[in-house]
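Let me begin by presenting the structure, written as structure tokens, before commenting on it.
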Amino acid sequence: MTLPVLLEHRMSFEGTLLLRRSDVEQLLSLRECIDAVEKVFRLQGEGKILPPGILGIKAKGGGFHVKAGLLSGEKDFLVAKLNTNFPGNPTRAGLPTIQGVIVICDANNGCPLALLDSIDITIKRTAAATAVAARHLARKNSTVATICGCGAQGFAQLRAIQLVRPLKKVYAFDLDEGAAKIFADELSHDLKVDIKPVKEVSSAIRKSDLIVTCTPSREFFISKQDISPGTFIAAVGADDSHKQEIDPALMASAKVVADSLDQACSIGDTHHAIAKHLMSKTDVHAELSEIVAGQKPGRTSDAEIIIFDSTGIAIEDAIAAAAVYEKARTSGVGTYFKFAA
């Protein structure tokens with residue numbers, strides 16, 4: 001590259017695009033996120049994406065983690081999400097449980113292309129992963145669901161599932177009964193689905209085809225004896241080794257599909273079953289990427305109980321953030337800032 005061309009290339013960098021949470025919400029629909037997450041799982045299953053990386057640090061009352069991944073295609077992006085997770089924030093400080101940012105860099109030269117709020121992407125990509133798993137692993141005629149945990153993630157989970165399965169009845173469970181009622185009132189109207197708040201979860205899950213757990217629980221509340229044949233469970237809340245939602249005996253007896261085998265075995269509900277010596281890493285049937293790419297079979301009978309152990313992985317954040325960045329560039333949303341100025 002000659003000096004004039006090099007200088008022109010350097011001067012063409014507009015700066016780092018800054019995107020607020022409202023910008024991200026505007027630019028990425030849940031349906032678009034589902035399609036993007038399914039695409040990136042397929043690419044991973046086909047061996048076209050390198051394994052993502054993760055780093056976690058614990059703090060008093062919470063923690064900090066970094067999830068990083070590389071996207072290769074027409075444009076190559078290095079993407080890292082830096083999130084804090086403090087479960088006591090809503091009641092103690094009036095702040096969200098999860099806060100953070102996502103950094104997108106040009107994978108060819110390291111240039112910081114964008115810095116965006118992470119909350120909306122974290123919520124949507126987590127729900128999108130459940131929807132992708134439900135599309136491939138839940139029975140096609142699943143019409144009854146139970147959502148355990150009626151916060152922002154619960155809202156997104158139900159909205160996402162409704163896009164891939166024809167739900168007719170939903171049970172809403174939360175330790176905060178007021179939250180379950182608000183959940184039922186709002187989404188019954190928005191989704192035109194019969195949603196009933198419940199005080200006791202066992203009876204609800206016995207009647208459900210599909211169950212989502214997205215709580216901060218530190219001990220399991222989904223018991224093996226309450227699960228009917230053919231049920232699909234998305235275990236979403238255990239994104240830390242101290243969190244747990246699913247009975248280890250149920251994990252050991254079901255077909256388990258993980259978003260990341262290594263993460264599920266170290267921080268997911270799978271890790272609790274392994275710690276109890278009820279199953280081993282080799283007992284996990286597949287990663288979701290292998291199912292989506294057709295490398296391994298998904299559901300093979302209507303009687304199988306299948307659990308998707310969803311711990312949250314960097315490629316989900318990366319593909320969703322890249323989609324937001326590309327749309328922001330073409331639509332003129334956001335503000336440019338030069339850190340080196």
Side-chain angles (χ1 to χ4, degrees), residues 51-69 80-92 96-100 118-119 122-123 125-127 129-130 133 148-149 151-154 157 174-175 201 211-224 233-289 306-317:
I54 183 171
L55 168 68
I57 298 174
K58 295 188 183 301
K60 184 178 180 181
F64 175 83
H65 67 252
V66 181
K67 293 181 177 179
K81 184 177 77 173
L82 301 83
N83 260 11
T84 59
N85 189 320
F86 284 75
N89 267 359
T91 55
R92 185 180 62 244
T97 297
I98 295 174
Q99 300 172 92
S118 70
I119 291 181
T122 299
I123 291 171
R125 65 77 153 148
T126 305
T130 293
C148 303
Q153 187 55 243
Q157 290 284 329
D174 197 291
L175 293 179
V201 73
I211 300 163
V212 179
T213 59
C214 47
T215 76
S217 178
R218 290 176 175 264
E219 57 184 36
F220 75 82
F221 57 91
I222 302 295
S223 299
K224 179 182 178 182
I233 303 170
V236 176
D239 58 358
D240 181 280
S241 60
H242 297 294
K243 296 181 181 179
Q244 183 182 22
E245 298 177 308
I246 313 298
D247 184 348
L250 174 58
M251 296 296 298
S253 64
K255 175 184 278 188
V256 176
V257 175
D259 56 357
S260 164
L261 178 60
D262 288 340
Q263 280 186 202
C265 291
S266 61
I267 64 173
D269 272 294
T270 301
H271 123 269
H272 290 287
I274 291 174
K276 291 282 188 181
H277 304 292
L278 297 176
M279 64 183 292
S280 65
K281 188 174 184 178
T282 57
D283 292 323
V284 175
H285 171 66
E287 290 189 329
L288 183 58
S289 60
I306 302 181
I307 299 175
F308 173 49
D309 198 348
S310 176
T311 57
I313 54 177
I315 59 170
E316 299 166 2
D317 300 302

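What you see is a predicted model, and the numbers here were worked out from it, not measured in a lab.
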Flag the pair [X] / [Y] as yes when at least one side-chain heavy-atom distance between them is below 4.5 Å, and no otherwise.
| X | Y | value |
| --- | --- | --- |
| Asp262 | Lys281 | yes |
| Glu245 | Cys148 | no |
| Asp239 | His65 | no |
| Ile274 | Cys265 | yes |
| Ile307 | Met251 | yes |
| His271 | Ser241 | yes |
| Val284 | Met279 | yes |

Fill in: Whether over 12 other heavy atoms sit under 6.0 Å from Lys58 NZ
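More than 12 heavy atoms, drawn from other residues, nucleotides or ligands, come within 6.0 Å of this atom.
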
Between [X] and [Y], which heavy-atom pair has the shortest distance, and what is it?
| X | Y | result |
| --- | --- | --- |
| Thr213 | Ala235 | OG1-CA, 3.3 Å |
| Ser118 | Asn83 | OG-OD1, 2.5 Å |
| Ala59 | Phe86 | CB-CZ, 4.1 Å |
| Thr311 | Ala238 | CG2-O, 3.9 Å |
| Gly61 | Pro87 | O-CD, 3.6 Å |
| Ala264 | Thr270 | O-CB, 3.4 Å |

So how far is it from [X] [atom1] to [Y] [atom2], rounded to the nearest 0.5 Å?
| X | Y | atom1 | atom2 | answer |
| --- | --- | --- | --- | --- |
| Ile233 | Ser310 | CD1 | OG | 13.5 Å |
| Lys255 | Phe308 | NZ | CZ | 15.0 Å |
| Lys81 | Ile313 | NZ | CD1 | 11.0 Å |
| Gln244 | Ile222 | CD | CD1 | 11.5 Å |

Practice prompt. Scan Ile246, Asp247, Leu250 and name whichever one has a side chain to side chain contact (heavy atoms under 4.5 Å, CB included) with Ser223.
Written response: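 With Ser223 as partner, side chain to side chain contact (heavy atoms under 4.5 Å, CB included) holds for just one option, Asp247.
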
Counting only N and O atoms by type, is there a donor-acceptor contact under 3.5 Å from the side chain of [X] to the main-chain atoms of [Y]?
| X | Y | answer |
| --- | --- | --- |
| Lys67 | Gly312 | yes |
| Asn89 | Pro96 | yes |
| Gln99 | Thr84 | no |
| Gln263 | Gly268 | no |

Fill in: Working for side-chain contact (heavy atoms from CB on, under 4.5 Å), residues His272 and Leu278
CA-CA 9 Å; His272 290 287; Leu278 297 176; over 6 Å; no

Worksheet item: Are the charged groups of Lys243 and Asp269 less than 4.0 angstrom apart, N to O?
Response: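 No, this pair does not count.
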
Worksheet item: Hey, are Thr282 and Ser280 close enough side-chain-wise for a donor-acceptor pair under 3.5 Å?
Response: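 Result is yes, a qualifying pair exists.
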
Worksheet item: How far apart are the C-alpha atoms of Asp283 and Val256, what are their side-chain angles, what is the distance that settles it, and do they pass the side-chain contact (heavy atoms from CB on, under 4.5 Å) test?
Response: CA-CA 8 Å; Asp283 292 323; Val256 176; over 6 Å; no

